[in-house]
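Heavy-atom basis, side chains included; hydrogens, waters and symmetry copies ignored.
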Amino acid sequence: MTDSTRATMDKKATLAWLRRISGDISTATLRRLEESLPWYSDMPPARRSAVGLVAQAGITSFIEWYQNPHETPTIAADIFAAAPRELLRSVSLQQTLQLVRITVDVTEEKVAGRGDHLREAILLYSREVAFTAADVYARAAESRGLWDARLEALVVDTILTGETDDELPSRIAALGWHGHGEVSVLVGTTPPAFDVDQVRRKARKMGVDVLIGVQGSRLVLVLGRAVAPGAEPGPEEDQLAFREIATQLEPYFGQGHLVLGPTMPALVDASRSARAALAGFAVAASWRSAPRPVEADDLLPERALAGDVVAKKTLVERIYRPLEGHSTDLVTTLWSYLDNGRSLEATARDLFVHPNTVRYRLKRVSDVIGWDATGPREALILQTALILGSIGSSEVSRRRQGARRTERS
């Protein structure tokens with residue numbers, strides 16, 4: 001009898017023996033999993049059964065591979081086909097490798113004394129299974145990454161359009177959003193080489209959660225103050241202002257203007273911040289010395305001239321109405337001051353008052369609305385608000401007069 005014939009007969013005998021004891025190996029493996037892996041014991045019965053199927057498939061697949069190691073190179077990939085797809089979400093790669101190691105250890109113990117050839121075959125096969133597991137999880141991670149990117153783009157687009165629905169909170173939660181409380185939207189240009197991971201790392205260092213939307217040449221970031229699951233938000237004084245956050249994220253944007261929308265109380269209100277930021281981004285070029293980043297509310301005059309209804313309403317409600325409701329003298333003084341080229345003396349002569357009175361009234365204007373009329377940029381904002389407020393007041397007066405004529409007739 002030749003050596004090759006003897007080797008073939010030994011292999012057939014080994015295969016027959018392996019098939020007889022495969023059930024014992026499976027039972028011993030499951031028992032070892034129960035004893036050695038706490039995460040396996042804590043699993044629901046259905047998932048524990050699925051893990052057991054993977055272990056049994058691995059043992060069966062090894063026997064087939066041992067029979068034809070060159071003709072069946074893809075058998076290892078079939079091991080994970082026995083598991084339901086959701087198992088990949090509940091069992092990590094590290095846990096899978098622990099499963100492989102225990103299965104190999106038990107198999108080695110059962111075949112001890114059958115020769116070094118069988119032991120080497122087990123080691124070779126276990127290596128292939130480990131690489132296959134890594135490939136399976138890598139593909140799953142890649143698929144999940146692509147799905148997350150599409151979902152994130154959908155969420156950002158929903159925020160920009162303002163077409164929110166009941167599913168928006170669940171979609172945001174699926175993206176792992178840990179933000180709480182206030183949010184703001186930052187709009188700029190997309191750089192030639194945009195690295196999403198760098199932006200996320202920078203945001204995490206600042207304690208900020210971020211949703212990223214790349215829309216051609218436009219880059220949109222939805223910013224929120226992040227908090228780890230189960231943790232309480234930090235003291236408000238320790239949190240960065242959104243203007244500072246935008247300043248630190250500025251290098252990740254391309255050339256051009258960078259506009260920060262107003263702060264909103266919650267993520268569901270982010271569409272209002274997004275609309276203001278987009279409107280500001282559209283007209284930012286008209287302010288030649290605009291800072292980078294610039295707040296959308298600092299572009300209220302340009303936005304109003306471009307027909308932004310929200311900007312017009314904001315100017316009237318935040319400047320004209322408070323001044324008109326406080327004192328007509330403040331409105332008259334501000335009109336005169338702006339019409340006279342921001343000259344205290346000319347304003348005093350126009351109003352027949354002392355220049356110190358003009359100074360006092362301008363100080364009251366600043367106290368009431370928060371804008372200082374002595375600055376050139378803020379003077380433009382205030383003058384635009386006065387014009388819009390006057391137009392609105394004239395229209396209201398005409399409506400009232402028309403209503404009175406109708407009643408008399």
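Within a 6.0 Å sphere centred on OH of Y360, other residues, nucleotides and ligands contribute 12 heavy atoms or fewer.
Salt-bridge annotation for D367 and R364: present, with a side-chain N of the basic residue lying under 4.0 Å from a carboxylate O of the acidic one. A salt bridge does not link K312 to E302: none of the charged side-chain nitrogens sits closer than 4.0 Å to a carboxylate oxygen.
Relative to the ring axis of W371, R318 does not place its NZ or CZ within 45° and under 6.0 Å from the centre.
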L258 vs L186, side-chain contact (heavy atoms from CB on, under 4.5 Å): CA-CA, chis, key distance, verdict: CA-CA 7 Å; L258 184 60; L186 184 62; 3.8 Å; yes
Q215 vs R218, test: side chain to side chain donor-acceptor pair (under 3.5 Å). Steps then yes/no. CA-CA 5 Å; Q215 302 179 327; R218 190 172 64 189; 2.7 Å; yes
Let's go through V185 and V220 carefully: what are the C-alpha distance in whole Å and the side-chain angles of both, what is the deciding distance for side-chain contact (heavy atoms from CB on, under 4.5 Å) to 0.1 Å, and is it a yes or a no? CA-CA 7 Å; V185 176; V220 179; 3.8 Å; yes
Using the rule given for side chain to side chain donor-acceptor pair (under 3.5 Å), can you reason through W287 versus S289, listing the C-alpha separation, both sets of side-chain angles and the distance that settles it, and then say yes or no? CA-CA 6 Å; W287 182 7; S289 57; 3.1 Å; yes
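No side-chain donor-acceptor contact under 3.5 Å links R359 to the backbone of L344. Of the possible donor and acceptor atoms, one in the side chain of R243 sits under 3.5 Å from a partner among the backbone N and O of P293. A distance-only check finds a donor-acceptor pair linking the side chain of S286 to the backbone of V283 [under 3.5 Å].
Evaluation of the salt bridge (Lys or Arg N to Asp or Glu O under 4.0 Å) rule for R272 yields no partner, not counting sequence neighbours.
No side-chain donor from either of D372 and S366 sits under 3.5 Å from a side-chain acceptor of the other. One side chain, N340 or S336, offers a donor N or O that lies under 3.5 Å from an acceptor on the other.
Nearest heavy atoms, V183 versus A266: CG2-O, 3.3 Å.
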